[in-house]
There are 2 protein chains.
Amino acid sequence: MSRRKECTPQQLKELILSNAGRIIAQHGRSGLTARALAEAIHYSPGTIYNVYEDLDALMVDVNYETLGRLQMYCQQKIAILPTDFSRVRGLAYAYADFAHQNLRAWEAVYAPNRKMEHDNAPALPEYYQQRLTDIFLVVETTLIDCLNLSQPAAYSSARLLWACLHGITVLSLNGTLGLVGAEQPYAMIDDLLEQYLARYL
Amino acid sequence: MSRRKECTPQQLKELILSNAGRIIAQHGRSGLTARALAEAIHYSPGTIYNVYEDLDALMVDVNYETLGRLQMYCQQKIAILPTDFSRVRGLAYAYADFAHQNLRAWEAVYAPNRKMEHDNAPALPEYYQQRLTDIFLVVETTLIDCLNLSQPAAYSSARLLWACLHGITVLSLNGTLGLVGAEQPYAMIDDLLEQYLARYL
DNA sequence: CAAAATATTGAACAATGTTCAATAAAAAGG
DNA sequence: CCTTTTTATTGAACATTGTTCAATATTTTG
């Protein structure tokens, strides 16, 4: 069975990817089932497997796209800020804001793949790694431009700050910290930045 | 069908819990299926549901136990250290070590529950919250004893440090940071502690 | 010892990821 | 224009999962 060819393979892949992203934004990773996605794109479940190896491979592309939006969001937020500490803070806030505003997509980036549980987890593709590097580059550049960090210091500080931001965001969102009020993550970020970066201020 | 009653309900619950913990330690959250667990305890799948509402409720108890071991591990590690900065560092290392040595159990603590994806997630039971509070108390006490922090400062610094430690550990383990070598997390922790706590040293 | 309460079962259901022979449409060849 | 080959798509089928619950075996009660 078949229909008239309505999409190029590339268009079909984009159709799958965009609908997967929408489903995840609405219902989270667990809402993305082969059948739900097939219905959304008006194809059958089998078609998805002609385009993607499996749903985990699809998730890699969805997460890649999410990270791209994160990077864009951060870059836009800091572009309008002065080249000083306030830009560093704006960058940190941007990460927390993005996680809040794109909660389910952001969670999916760090959700463990259902199959391989850390044994023989397939290495992420090179272009995905490159995107992570690009994001860190935004942080490094900000530290260098705003606080005059050296390249090596910026490299390690960028990764450390990003990791701390990530931890604050994770534990804030899942309630581990037992804190209330939406302002708490920002207060924690302020505290972190002011103390950690004190010697550069 | 039934057999002679071999366990008290309490013993049965402990049998389920301990075997669930062992399976998770070996095969991760995804390895814990109702049927695999039933086979391990030599009961049928249905029996598990006489004791626990569902597998997510069982996971709460498994995670509660994991957090208890984390607390014990941290307390033992710092007990032998002097009451100064080296104890704070030892506590931070203990968290990273525990996560490495109990990777799958530790991951399960932060794994999203399959069903409720952040909509109507059932609040964690009070005793679970209490355990989190107890763990933070260890950190707070360490900061007060070793670095003379005030109570309010210890409260917020404990939560911030814990969150940062968590982020460093998560991103180190999943490879996001693109770093190699097992020493990297320790170097990051050293950097974090020395900078963040500089004013107290 | 009969009756009520309890513990345990395992078959059954719905939902999932995934596969793949079958098939309809399109493209290529003559 | 028809035949053949290639391609795109399907949806039924399989294995596995979480979960339920009437049936049943055992224990307890009276």
Side-chain angles (χ1 to χ4, degrees), chain A residues 1-17 19-20 23-24 26-63 108 111-117 120-122, chain B residues 1-17 19-20 23-24 26-63 108 111-117 120-122:
Chain A
M1 301 161 190
S2 178
R3 307 178 297 188
R4 192 182 301 111
K5 198 171 161 186
E6 289 164 349
C7 306
T8 67
Q10 183 58 24
Q11 285 173 328
L12 179 56
K13 188 166 190 170
E14 279 162 14
L15 185 68
I16 291 173
L17 187 57
N19 278 271
I23 291 174
I24 287 197
Q26 287 175 357
H27 305 109
R29 171 64 184 89
S30 67
L32 183 73
T33 68
R35 288 168 179 83
L37 177 56
E39 188 170 14
I41 64 177
H42 303 111
Y43 276 79
S44 83
T47 300
I48 296 163
Y49 290 86
N50 294 338
V51 177
Y52 281 102
E53 173 78 15
D54 53 28
L55 292 188
D56 282 337
L58 170 57
M59 283 308 302
V60 171
D61 272 12
V62 171
N63 292 339
N113 293 2
R114 208 163 303 296
K115 296 191 165 181
M116 23 274 169
E117 192 139 352
N120 44 359
Chain B
M1 302 162 191
S2 178
R3 308 176 294 187
R4 191 183 301 113
K5 198 172 162 185
E6 289 164 348
C7 306
T8 67
Q10 183 58 25
Q11 286 173 327
L12 179 56
K13 188 165 190 171
E14 279 162 14
L15 185 68
I16 291 173
L17 187 57
N19 278 273
I23 291 173
I24 288 199
Q26 288 176 356
H27 305 109
R29 170 65 185 90
S30 67
L32 183 73
T33 68
R35 288 167 179 84
L37 178 55
E39 188 170 14
I41 64 177
H42 302 111
Y43 276 80
S44 83
T47 299
I48 296 163
Y49 290 86
N50 296 337
V51 178
Y52 282 100
E53 173 78 15
D54 53 29
L55 291 189
D56 282 337
L58 169 58
M59 282 308 302
V60 171
D61 271 13
V62 172
N63 292 340
N113 293 2
R114 207 163 303 297
K115 296 192 165 183
M116 22 275 169
E117 191 138 353
N120 43 0

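Below, chains carry the letters A, B, ... as their sequence lines are ordered, and counting in each starts from 1. Predicted, not measured: the structure shown is a model, and the values here were computed from it. The analysis underlying the following values was restricted to heavy atoms, covering all of them including side chains, and did not include hydrogens, waters or symmetry mates.
Every residue two or more places apart in sequence or in another chain that forms a side-chain contact (heavy atoms from CB on, under 4.5 Å) with A/A36 is listed here: A/T33. Among residues two or more places apart in sequence or in another chain, the side chain to side chain donor-acceptor pair (under 3.5 Å) test is passed with B/Q10 by B/E14. With sequence neighbours left out, the side chain to side chain donor-acceptor pair (under 3.5 Å) criterion links A/Y49 to no other residue. Listed by chain and residue number, B/L12, B/K13, B/I16 satisfy the side-chain contact (heavy atoms from CB on, under 4.5 Å) test with B/V51 (two or more places apart in sequence, or in another chain). Looking at residues two or more places apart in sequence or on another chain, you find no side-chain contact (heavy atoms from CB on, under 4.5 Å) involving B/A111. Residues satisfying the side chain to side chain donor-acceptor pair (under 3.5 Å) test with A/N19, not counting sequence neighbours, are A/R22. With sequence neighbours excluded, the residues that form a side-chain contact (heavy atoms from CB on, under 4.5 Å) with A/Q11 are A/C7, A/T8.
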Margin query: I'd like to compare against my own output: the B/S/- annotation of nucleotides 11-18 of chain C with a strict under-4.0 Å heavy-atom distance to protein.
Written below: -B---BBB
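The shortest side-chain heavy-atom distance between B/Y52 and B/L17 falls under the 4.5 Å cut-off.
Atom-to-atom, OH of A/Y43 to P of D/dT7 comes out at 17 Å; the value is rounded to the nearest Å. Put simply, CG on B/L15 is 14 Å from C1' on C/dT8, counting in whole angstrom units. We find that CD1 of B/I16 is positioned 12 Å from C1' of C/dT8, with the value rounded to whole Å. Across the protein-nucleic acid pair, B/I23 atom CD1 and D/dT17 atom P stand 12 Å apart, rounded to whole Å. Residue A/H42 contributes atom NE2, which lies 13 Å from atom P of D/dG11 at whole-angstrom precision. Whole-Å rounding puts the B/I48 CD1 to D/dG18 P distance at 9 Å.
One end of the helix from C/dC1-D/dG30 to C/dG30-D/dC1 points its axis 10° away from the other end's axis, with each axis taken from 5 pairs and the angle rounded to 10°.
Taking the nucleotide of DNA chain C with the nearest heavy atom to each of B/T47 and A/N50, the more 5' of the two is matched to B/T47.
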